[in-house]
Undergrad: 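Below is a structure I'd like to ask you about.
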Amino acid sequence: MVNPKTPSQNSPHLPRKKMEEDRVLSSVHSTVFKESESLEGKCDKIEGYDFNQGVNYPKLLRSMLTTGFQASNLGEAIDVVNQMLDWRLADETTVPEDCSEEEKDPSYRESVKCKIFLGFTSNLVSSGVRDTIRYLVQHHMVDVIVTTTGGVEEDLIKCLAPTFKGDFSLPGAYLRSKGLNRIGNLLVPNDNYCKFEDWIIPIFDQMLKEQKEENVLWTPSKLLARLGKEINNESSYLYWAYKMNIPVFCPGLTDGSLGDMLYFHSFRTSGLVIDVVQDIRAMNGEAVHATPRKTGMIILGGGLPKHHICNANMMRNGADYAVFINTGQEFDGSDSGARPDEAVSWGKIRGSAKTVKVYCDATIAFPLLVAETFASKRTKP
Amino acid sequence: MSDEEHHFESSDAGASKTYPQQAGNIRKGGHIVIKGRPCKVVEVSTSKTGKHGHAKCHFVAIDIFTAKKLEDIVPSSHNCDVPHVNRIDYQLIDISENGFVSLLTDSGGTKDDLKLPTDDNLSALMKSGFEEGKDVVVSVMSSMGEEQICAVKEVGGGK
């Protein structure tokens with residue numbers, strides 16, 4: 001620390017006013033340049049990607065961790081997801097006394113992995129993120145899916161007719177007159193929904209028949225498995241969920257075009273029953289009976305999928321890993337904008353859990369995250 | 001002859017009871033078949049093609065015999081069944097103790113298979129007019145094999 005020489009040492013004959021000024025100056029100096037704690041070795045240094053090494057995408061993505069702000073959050077989210085993927089029961093060194101013989105067997109413990117819940121909102125399925133989701137489901141990289149009705153029908157409709165790129169600024173009344181529906185800067189023609197209606201109504205007829213003749217009691221997840229089977233198209237994540245036996249939960253099934261179809265179908269031939277009670281048993285069961293596996297949540301967006309997954313994990317005293325990617329803010333008290341720490345207060349996430357929230361549109365963050373986690377692990381020899 | 005056959009006696013054998021019409025062309029005041037019942041349309045609203053699929057017509061209608069309200073939603077390009085509804089006037093000849101009425105047909109014969117209408121006002125009007133010796137003419141509405149007295153007129157003086 002450098003102290004400026006006090007004037008009195010040099011020149012005892014300085015006027016009093018100058019001495020006063022110097023004293024104030026030295027006090028301000030020591031306030032502004034307050035002695036700081038060294039962060040060396042405690043915190044990571046901020047360092048961005050150096051393009052002088054060329055355009056190397058994996059290195060570019062890895063540099064995000066030390067770039068700061070949401071890039072760092074994304075980097076941390078990548079870390080947490082990789083931890084989810086790497087964890088094995090064998091990593092837990094304390095073996096409880098009361099566990100079964102099987103659970104004590106080391107090779108069994110090596111095989112037990114983290115159970116991953118994936119949740120997303122319907123706008124993401126309208127976007128190209130649907131194809132990233134399809135990749136994860138196709139290779140059984142997630143265990144349970146929760147989404148909204150739009151998150152289901154947009155995937156099915158894309159197999160019948162495409163969604164197009166438009167613009168946020170296209171005027172609503174003009175679009176209505178052209179029979180075009182806007183989702184952000186995407187456009188879905190009305191005709192796509194007509195095709196969906198033509199495709200799904202006969203399936204409902206058949207399902208009603210099976211309900212009456214074979215006593216099948218349909219639930220949203222059973223219905224979605226059936227639709228995945230019927231669409232029979234490899235570009236659909238619902239198709240792969242059916243093939244891989246991954247349950248897709250959609251407790252709000254009536255809130256979308258699919259719900260409109262159920263409504264109209266009930267006029268033509270009434271009686272189709274869809275039981276949500278069975279599904280809440282199944283969903284919560286996925287969390288409750290996950291033990292000895294750890295559970296991890298990857299949630300894109302807010303709303304119903306976010307809460308439904310967190311709530312189910314509350315039933316097992318909290319998830320062990322949580323990654324939220326959304327643009328919600330907590331100042332309005334909404335659940336959509338709530339940070340993982342709020343969920344900890346509810347017991348939806350464990351106090352000891354590894355959690356990250358990335359404040360980012362998932363169309364940017366999620367494909368990059370998958371590139372550095374699921375996809376790179378799969379392509380490694 | 002058993003009771004059940006009475007309903008179909010008066011229909012022409014071979015003539016169809018309904019005819020098809022495009023849902024988009026059925027208006028308020030027209031007729032439509034909903035769940036097999038002949039109904040009069042009291043409300044039509046059309047929703048344009050959209051997220052719910054093809055354009056649809058929402059019908060609210062009243063069963064012409066039971067006055068129950070029925071609803072249906074049909075794609076507007078779909079065909080619906082429209083019932084033939086006929087009204088024929090007959091003169092009242094007799095009201096029997098078990099509630100059946102005897103009517104004079106055009107050809108001079110009698111039609112005895114109809115009961116008094118379930119509507120109390122109509123029924124009372126028929127009975128009082130008949131007892132006073134007035135000429136009572138009833139309108140019989142028939143559709144899809146079912147018949148019912150739907151209106152009563154007193155014609156002519158009494159004793």
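Below, chains carry the letters A, B, ... as their sequence lines are ordered, and counting in each starts from 1.
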Undergrad: For B/D94, enumerate each residue passing the salt bridge (charged side-chain N to carboxylate O under 4.0 Å, His left out) test, keeping only those at least two apart in sequence or located in another chain.
TA: none

Undergrad: How about residues 247-274 of chain A versus chain B: which residues have heavy atoms under 4.5 Å apart?
TA: A/G256, A/S257, A/D260, A/M261, A/Y263, A/F264, A/F267, A/R268

Undergrad: Who pairs with A/R134 by salt bridge (charged side-chain N to carboxylate O under 4.0 Å, His left out), at least two apart in sequence or on another chain?
TA: none

Undergrad: Nearest 0.5 angstrom please: B/H52 NE2 to A/C194 SG, how far?
TA: 8.5 Å

Undergrad: Would you give the length of the straight line joining atom CD of A/E153 to atom NZ of B/K51, rounded to the nearest 0.5 angstrom?
TA: 5.5 Å

Undergrad: What are the two closest non-hydrogen atoms of A/N190 and B/G50, and how far apart are they?
TA: OD1-CA, 3.2 Å

Undergrad: Is atom CD of B/E43 surrounded by more than 12 heavy atoms (other residues, nucleotides or ligands) closer than 6.0 Å?
TA: no

Undergrad: Counting only heavy atoms not in B/D106 (residues, nucleotides, ligands), do more than 12 fall under 6.0 Å from its CG?
TA: no

Undergrad: Tell me the residues of residues 219-230 of chain A whose non-hydrogen atoms fall below 4.5 Å from those of chain B, in number order.
TA: none

Undergrad: Do other residues, nucleotides or ligands put more than 12 heavy atoms under 6.0 Å from B/K69 NZ?
TA: no

